Amino acid sequence: MPTRNAMWDRLGGDVDLLVVGGGITGAGIARDAIRRGLSVALVEQRDLAYGTSSRSSKLVHGGLRYLEQYEFSLVFEAVSERRILLDIAPHIVNPLGFLFPIYEGSSHGMGTIAAGMWLYEGLSLFRSPKRHRRLKPADLAREEPPLTQEGLKGAPLYYDCSTDDARLTLETALDAAEQGATIATWARVESFLRDEGGRIVGARVRDTLGEEVREVRARAVVSATGPWCDDLRQLDHPETRPLLRPTKGIHLVVAREVLPIQHAVVCFHPVDDRVLFAIPWGDRTYVGTTDTDYEGPPEDVAADADDVDYLIEAAGRYFPDHRIQREDIISTWAGLRPLISGDTQEGIDESMVSREHQIVVDPSGLITIAGGKLTTYRRMAAEVVDAAVNLMRVTGKLPETLVAAQTDEVPLPGAVGWPEDDDHERVSRQVLAASGGYLDSVTSRLLADTYGMRGRQVAQRIKADPSLASPLVEGRPEVMAQVDFAVEEELAATVEDVLVRRTQLFFRDRDQGLGAAEAVAGRMGQLLGWSAEERQTRIEAYRAVVALSRRWREEPA
C-alpha cells in the first residue's frame with residue numbers, strides 16, 4: 001500500500017470520478033466506483049473518517065426507534081445492510097445484545113414493544129444476529145445487575161451490531177486503493193475547474209501538510225463531505241441555499257468498573273424522553289448521545305458541560321448504584337449528524353429530523369450526497385455512483401465498459417480468509433503464532449479484533465523486529481508495530497491519525513494518549529523523514545485535539 005505521501009504524488013491528471021470527502025460515504029463511493037471499472041481519485045481535507053465517521057455511536061443497527069416514526073423503508077434498508085456488513089466485515093462488525101428496559105409509567109408498554117420486536121425482526125427477514133427474547137425483572141437482576149430494579153416490568157433482549165466506525169471507513173478506502181483508486185488525505189479542494197460552459201470538470205487541490213497545489217480533472221465530481229457539504233456547494237455557487245440542519249451528538253467514556261454493564265442498554269432521558277445508549281466497550285463503557293442543533297464550523301464541535309451533565313443525569317437514573325461523576329470521565333467525543341434541512345422539518349424537534357439521505361445534482365454538475373446513516377453507507381454509495389454514471393452518459397463521457405461492483409459480496413481487506421464460524425479467538429492464536437512469541441494473548445486479541453486477518457501482518461513485523469512489541473502506553477495492549485503499520489499500510493500522516501483513528505488511544509487511555517505522543521511522533525518522524533520542528537508541530541497539534549475534547553471541564557458545573 002502506498003503511503004499518504006506516495007498517494008499525494010499520484011494525484012493529478014484525468015480520472016472518471018473525483019470524490020471529495022473521506023468519510024464512510026466517500027470511501028464507499030470510491031470503492032463502488034473503482035470496482036465498477038471507473039478510474040477514481042478521492043481527496044480528503046484531513047484524515048479518513050476525521051469527521052462524523054469516527055464520532056458516531058459506533059453501531060450498525062436497523063434503527064428500532066424509527067418504527068415509531070413509521071419509517072419502515074428506512075428500517076428495512078438498514079437491517080438489510082446490517083446483514084451485508086456482518087458478511088463483508090465480520091472482524092469489525094460484531095453482534096451486540098441490547099436491553100430495552102420497560103418501567104412502570106413508561107409510554108412504551110410491554111405489549112407494544114413485543115409487537116415492535118417482531119416487526120423489527122420481520123423487516124430483517126428474520127436474519128438478525130440472534131432472535132430476541134423477553135426477560136423478566138428477576139432475569140435482568142442476574143444478567144444486568146447495575147440496572148435499577150425499581151418499577152422494572154421487564155425488558156426484551158434483542159441484537160444489533162457494534163463496530164469501529166473509523167476502521168470500517170479506513171478498510172473501505174483501503175479496498176478502493178487496492179483496486180487502483182488514488183486516496184489522498186490532508187488534501188483540500190481550493191476551487192473547481194470548469195469547462196467553457198461553466199460545468200465543473202475537476203478541482204484544484206492543496207496539500208495541507210505542504211504547499212503544493214495540483215489539478216485533478218474528472219468526468220464527474222461528487223461531494224461526500226458530510227457536515228461540510230454546504231461549504232463545498234457554496235464554493236461552487238455562493239448563493240446556494242443550505243441543504244443541512246446539522247445536529248450535535250456527544251458521548252462520554254468511563255472505565256468499565258465505573259459502569260460495569262454486559263449489554264447495550266436503551267435509555268430514555270428522564271427530562272425529555274430522548275433515546276440514549278449505555279454501551280460496553282471492552283475495558284471501557286460509553287454513554288451517548290445528545291441531539292441538539294449546532295451552528296459553527298464542523299471542526300470546532302466539542303462536548304460542553306451541559307452535554308456531559310445531560311448524559312450523567314440519564315445514566316444515574318438507570319444505574320443509581322453506579323453513578324458517573326465528572327471526574328470518572330476519561331474522554332468525550334462530539335460529532336455532527338449531517339441531517340437534511342427543509343421547510344417540512346423546520347421547527348420540529350432535532351430527534352425527529354429524518355435520517356434519510358438526499359442526492360442533489362447542481363446545474364454545475366456537482367453531485368452532492370447529504371444525510372443518511374453509517375449502517376446504510378454502502379447502498380447510499382451505490383446510488384451516488386449510479387447518479388455519476390447517468391451524468392456521464394448524458395454528457396457523452398461514459399466509459400465503454402462497466403461491471404457490477406459486488407460490494408455486497410467482496411469482503412473488506414481484514415475479512416479476507418476470516419473463519420466462517422466467526423471465531424475471533426482462533427484468529428488471535430494465529431496472530432500470536434505469527435509474532436514468534438513476542439506478543440501476549442491480550443495484544444494478539446487486540447490485533448485480531450482490530451485488523452482481522454491483517455493482524456498477522458502486524459505480528460510479522462514484530463517477529464522481524466521485537467522492539468516493535470513495546471507498548472505505546474504502559475499497561476495497555478497497543479504496541480509500536482501499529483504505528484509502523486498505520487504509516488506504511490494505512491495512510492496515516494499525523495500523530496492524530498494514529499492515536500485517534502488507528503489505535504483509539506485518544507478514547508480509551510486515561511491520559512488520552514498524551515503520554516505516547518512523543519514516542520509516536522518520534523517513530524513517525526523516522527518513517528516519514530520529519531524534522532525536529534515537524535515532530536513538535538505534530539505533537540502540539542495532537543495536544544490541541546485532546547484539549548478540545550476536554551474543554552467542557554473548564555465550564556462551571
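None of the values given here were measured: they were computed from a predicted structure.
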Legend entry - Within residues 13-23 or reaching into it, pairs that qualify as side chain to side chain donor-acceptor pair (under 3.5 Å) - sequence neighbours excluded: Asp16-Ser39, Asp16-Arg219

Legend entry - SB check Arg206 Glu211 (cutoff 4.0 Å): yes

Inset, instruction - Please name all residues satisfying side chain to side chain contact (heavy atoms under 4.5 Å, CB included) with Ala78, sequence neighbours left out, ordered by chain then number. - result: Lys373, Thr375, Thr376

Legend entry - Residues Asp497, Arg4: salt bridge by 4.0 Å N-O rule: no

Legend entry - Sequence-distant partners of Thr182, side chain to side chain donor-acceptor pair (under 3.5 Å), two or more places apart: none

Inset, instruction - Return the set of residues passing side chain to side chain donor-acceptor pair (under 3.5 Å) with Glu490 (not counting sequence neighbours), or none when no residue passes. - result: Arg167, Arg454

Legend entry - Heavy-atom pair with the smallest gap, counting every atom of Pro411 and Asp175: O-OD1, 4.3 Å

Inset, instruction - Could you list the residues that satisfy side chain to side chain donor-acceptor pair (under 3.5 Å) with Thr3, not counting sequence neighbours? - result: none

Legend entry - Asp408 bridged to Arg83 by N-O distance under 4.0 Å: no

Legend entry - side chain to side chain contact (heavy atoms under 4.5 Å, CB included) involving Ala166 - partner list, sequence neighbours excluded: Ala49, Ser54, Asp164, Arg501

Legend entry - NZ or CZ of Arg55 within 45° of Tyr50 ring axis and under 6.0 Å: yes

Inset, instruction - Using the test side chain to side chain contact (heavy atoms under 4.5 Å, CB included), find all partners of Thr332 that sit at least two apart in sequence or belong to another chain. - result: Leu252, Ala303, Val308, Ile329, Ser549, Trp552

Legend entry - ring-ring contact (aromatic ring centres under 6.0 Å, His included) partners for His251, two or more places apart: Tyr286, Trp333

Legend entry - Residues in side chain to side chain contact (heavy atoms under 4.5 Å, CB included) contact with Ile330, at least two apart in sequence or another chain: Ala255, Arg284, Arg510

Inset, instruction - Under the side chain to side chain donor-acceptor pair (under 3.5 Å) rule, collect the residues that match up with Asp236, sequence neighbours excluded. - result: Arg194, Ser364

Inset, instruction - Can you sort out the partners of Phe506 under ring-ring contact (aromatic ring centres under 6.0 Å, His included), two or more places apart, ordered by chain and number? - result: none

Do any side-chain atoms of residues 541-548 form donor-acceptor pairs under 3.5 angstrom with protein atoms, and if so which ones, sequence neighbours left out?
residue: Tyr542; atom: OH; partner: Gln512; partner atom: O; Å: 2.4
residue: Arg543; atom: NH1; partner: Glu540; partner atom: OE2; Å: 2.6

